[in-house]
Each structure stands twice: as structure tokens, then as C-alpha cells.
Amino acid sequence: MNNALFKDIINTIRSLFGSDDFIPLHIPIFSGNEKKYLIDCIDSGYVSSVGEYVNKFEKIFSSYVKSSFAVAAVNGTAALQVALQLVGVGQNDEVLTQPLSFIGTANAISYCGARPVFIDVEKTTLGMDSQGLKGFLETNTYVADDGRCYNKTSKRRIAACVPVHIFGHPCRIDKIKEVCDVFGIPLIEDAAESVGSIYKQKHTGTFGLLSIFSFNGNKTITTGGGGMIVTDNEDIAKRAKHITTTAKVPHAWEYVHDEIGFNYRMPNINAALGCAQMELLDRYLANKRELAEAYKNYFADTPIEFVCEPPACRSNYWLNAVIIRDRTERDAFLKHSNDNGVMTRPCWRLLSSLPMYEQCETFALETAQWLEDRIVNIPSSVRL
Ligand SMILES: Cc1ncc(COP(=O)(O)O)c(C=O)c1O
């Protein structure tokens with residue numbers, strides 16, 4: 001690979017974004033009713049965790065993803081922590097997840113006092129490899145008389161499994177669910193990045209017992225900061241609402257809290273943004289799909305591989321990604337693009353290699369390491 005190719009890539013990205021200025025990786029776009037709803041929210045005085053926009057955002061969101069319930073939270077990490085607690089993850093449990101993900105996935109597990117166990121990912125989906133998951137469970141765990149799964153070596157309970165829909169590309173969630181069901185392991189989807197992504201005709205985040213989404217400023221749609229817990233289980237949804245609202249028992253004037261809850265409810269002012277952004281979501285998804293198509297066509301004639309949506313999926317193409325020959329070439333491209341005002345980023349360092357998680361159990365992480373060495377994210381914002 002040579003400098004001429006790198007220059008050509010930069011020129012192509014510049015022409016796709018029609019800009020000679022700095023091109024960021026992903027910026028929020030507010031092109032609808034955002035200001036109107038924010039002003040309405042301020043005028044009403046309901047800017048905090050009580051207000052109609054929060055309830056409305058939950059309704060719109062659950063109906064968009066076709067789940068029975070959605071509970072809004074302050075961010076995706078808090079939503080995941082609560083989701084884990086709701087399936088009973090606690091002190092000294094283990095939670096299966098993937099090493100290729102944002103730090104929030106592993107941190108939420110730690111907040112519950114549990115430890116992540118890292119299972120490899122697949123090259124085609126970037127998500128957890130169901131065969132690797134099966135291999136780990138068959139070799140290293142057993143199902144006890146209580147019907148729960150335990151790690152043979154550590155003797156800890158495997159209390160949940162959290163696969164991730166990376167960059168919005170759906171993982172093979174039905175296969176992962178099949179394996180989890182055999183071993184009695186609750187499935188929670190980390191769908192933080194995948195609003196608008198469909199797997200076999202169903203929205204991501206509707207396969208597990210619960211799932212979570214993020215509306216951070218870098219996501220396809222944003223509430224500034226925000227998250228959502230999604231489930232079809234009414235009891236779980238009620239508990240989610242209760243413990244994200246300080247476990248306050250409804251009463252006309254008294255302050256009674258019946259357990260240690262969290263102040264995790266999404267504020268109304270953030271939900272106002274969310275309601276406006278939901279009105280734009282389908283337009284943004286179509287816009288991002290056009291960009292992905294243009295990248296796909298361009299990279300087809302280069303030695304660089306563009307990461308396409310997996311078969312049977314419709315990805316939201318949140319962050320477009322390419323796979324470069326090796327780590328040396330990857331670093332050369334990162335330097336060239338960032339030096340030339342086009343923001344690109346490597347994939348996250350594998351969670352299993354970070355100081356807080358390097359002692360955690362891993363199961364054959366060859367593909368994750370291969371991908372970490374090669375993936376680069378390229379500008380992916382909605383183009384107006
Ligand atoms: C895969 C993944 N999980 C969890 C999170 C946490 O979401 P938040 O940043 O809203 O806490 C994010 C993103 O930000 C993410 O990308």
C-alpha cells in the first residue's frame with residue numbers, strides 16, 4: 001500500500017462530504033424539531049427526571065423497535081448495569097461478553113461486582129462467535145441442579161451473556177440465543193450502537209430477555225447523553241423503571257423508597273431531543289446507507305476491505321469501518337488521514353488487554369486480535 005492510495009482515499013472522503021475542512025468521525029445532526037421541543041420543555045419547567053417527553057420518548061422507541069416496553073436511562077452504561085442487575089447478576093458472578101467492544105460493556109459488568117469472561121468474535125459480524133460461545137460453555141462449564149451454569153475452574157456462576165452489535169452491524173443473535181438457552185444463561189443484548197439495525201426482520205435488541213441502547217452524542221441519534229432498556233417482560237420493565245427512579249414508591253406527598261435504587265432516569269430535557277431525533281431516524285438511516293454504499297463501491301477497487309452488513313441483516317452503518325492489511329499499514333493510514341484533517345480512529349483496544357481486565361478469563365481471541373490490528377473507522381456522519 002502506498003501514499004498515493006492514502007491520498008486517493010482522503011480525496012474520496014472529502015468529495016463524499018463535499019468539504020475541504022476538517023471532517024469529523026461522527027457528529028450529531030439536529031435538523032428537525034429539536035429546538036422547538038427543547039423550548040417547550042424549558043417553558044414547561046419540567047427539565048428533570050419527571051415530564052411528558054420521557055414517557056413519550058419511551059413509547060415512540062418501543063413502538064419503533066417493536067418491543068413491549070422501553071425504559072429511558074441517563075446513559076447506555078447505566079442502562080446495561082441495571083439490565084444486568086435485573087437478571088440477577090451480582091457479586092462474584094461471571095458474565096460472558098466479547099473483547100471487541102466499548103469499555104462501557106465491561107464496566108457495567110464490574111459495577112455489579114461481577115467479572116467479564118471474554119469470548120471471541122466473528123469476522124463477518126464483529127459480534128460474539130456463537131461457536132466460540134458453545135465451545136467455551138461445553139468445555140469449561142456445567143449446569144448444576146439449580147438449572148444455572150457454573151464455571152468449572154472458578155466455580156463462579158455464569159449469570160448472563162452480553163453480545164454486542166458492533167458499529168451497528170447485527171451479530172448472529174439467534175444462534176447466540178440458542179446456545180444461551182441450552183445452558184440456562186439470560187441473554188442481554190448490548191445494542192448501544194444499533195438503533196435502526198435489523199436482523200432477520202426483527203430489530204436488534206428484541207431477541208434477548210433485555211437489551212440496551214445508547215443515545216450518546218456520537219450515536220446515530222442522540223439525546224446528548226441517554227440510554228434505553230428494552231424488554232418484552234412486563235415485570236422486568238416495572239422493576240427497571242422502579243430501580244432507575246431511586247426505588248421511590250408512588251405516593252401523593254411522602255418520600256418512601258423501598259430498596260437502594262439509582263438516580264438513573266433520563267431527564268425530560270434529554271428526552272425532548274430524543275423525541276425530535278426519532279422523527280428523523282429513518283431519513284438519517286437512508287442517508288447513512290447511501291454513504292456506506294459509496295464507500296463499498298470505492299473500496300471494492302482497492303486492497304482495503306470495507307466492512308459490509310452481514311447476510312440477512314440491515315445495518316444502520318453507524319460507524320463505517322475498513323480492514324487494512326496489517327497493524328503497520330493501519331497505523332500509517334491513521335497518521336496520514338488524521339494529519340490531513342480527516343478524522344479516523346482505530347478500533348478499541350481489546351477489553352481483555354486493559355489493566356483492569358487482563359486477569360479475566362478469555363477463550364481463544366484470535367479473531368478479535370486480528371480485527372483490532374486492522375480495523376479503522378472512517379467518517380460516518382449524516383450528510384445534509
Ligand atoms: C457497545 C457499547 N456499549 C455501551 C455503550 C455505553 O453507552 P453510553 O456511552 O451511553 O454510556 C456504548 C457507547 O457509548 C457502546 O458503544
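Source: prediction; values computed, not measured. Each ligand, and each atom within it, is numbered from 1 in the order the structure gives.
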**Request:** Examine ligand 1 and decide if any of its atoms is less than 4.0 Å from a heavy atom belonging to Ser101.
**Result:**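 Judged by the 4.0 Å heavy-atom criterion, Ser101 does count as contacting ligand 1.
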
**Asked** Can a non-hydrogen atom of Ala79 be found less than 4.0 Å from any atom of ligand 1?
**Response**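 Under 4.0 Å: no for Ala79.
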
Those atoms of ligand 1 less than 4.0 Å from some heavy atom in [X]:
X      : value
Val164 : 1 (C)
Thr77  : 6 (C), 7 (O), 8 (P), 11 (O)
Glu193 : 1 (C), 2 (C), 15 (C), 16 (O)
Ala192 : 2 (C), 3 (N), 4 (C), 5 (C), 12 (C), 15 (C)
Gly226 : 10 (O)

Do any N/O atoms on [X] end up under 3.5 angstrom from N/O atoms on ligand 1?
X      : answer
Gly76  : yes
Trp348 : no
Lys219 : yes

**Message:** Using a 3.5 Å distance criterion without hydrogens, assess whether the side chain of Asp373 forms a donor-acceptor pair with backbone atoms of Trp370.
**Reply:**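 No; judged by distance alone, with no hydrogens or angles, the pair does not exist.
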
Quick one: do [X] and [Y] make a salt bridge, cutoff under 4.0 Å?
X      : Y      : answer
Arg172 : Glu122 : yes
Arg374 : Glu329 : no
Arg289 : Glu293 : no

**Item:** Lys202 charged N/C atom sitting above Phe207 aromatic ring, 6.0 Å / 45°
**Value:**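 Pair Lys202/Phe207 counts as cation-pi.
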
**Item:** Contacts of type salt bridge (charged side-chain N to carboxylate O under 4.0 Å, His left out), residue Arg156, not counting sequence neighbours
**Value:**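 Expected list: Glu94.
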
**Request:** Please list, chain by chain and in numerical order, all residues satisfying side-chain contact (heavy atoms from CB on, under 4.5 Å) with Asp8, sequence neighbours excluded.
**Result:**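 Partners of Asp8 by the side-chain contact (heavy atoms from CB on, under 4.5 Å) criterion, ordered by chain and then number, come out as Thr12, Tyr298.
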
**Request:** Considering only non-hydrogen protein atoms, determine which one is nearest to atom 12 (C) of ligand 1 and report residue, atom name and distance to 0.1 Å.
**Result:**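 I find the closest protein heavy atom is Phe102 CD2, 3.3 Å.
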
**Taking atom 3 (N) of ligand 1 as the reference point, the nearest protein heavy atom with its distance** =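 Of the protein heavy atoms, Asp190 OD2, 2.7 Å lies nearest.
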
**Asked** Is the ring centre of Phe215 less than 6.0 Å from the ring centre of Phe61?
**Response**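 Aromatic pair counts; centres sit under 6.0 Å.
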
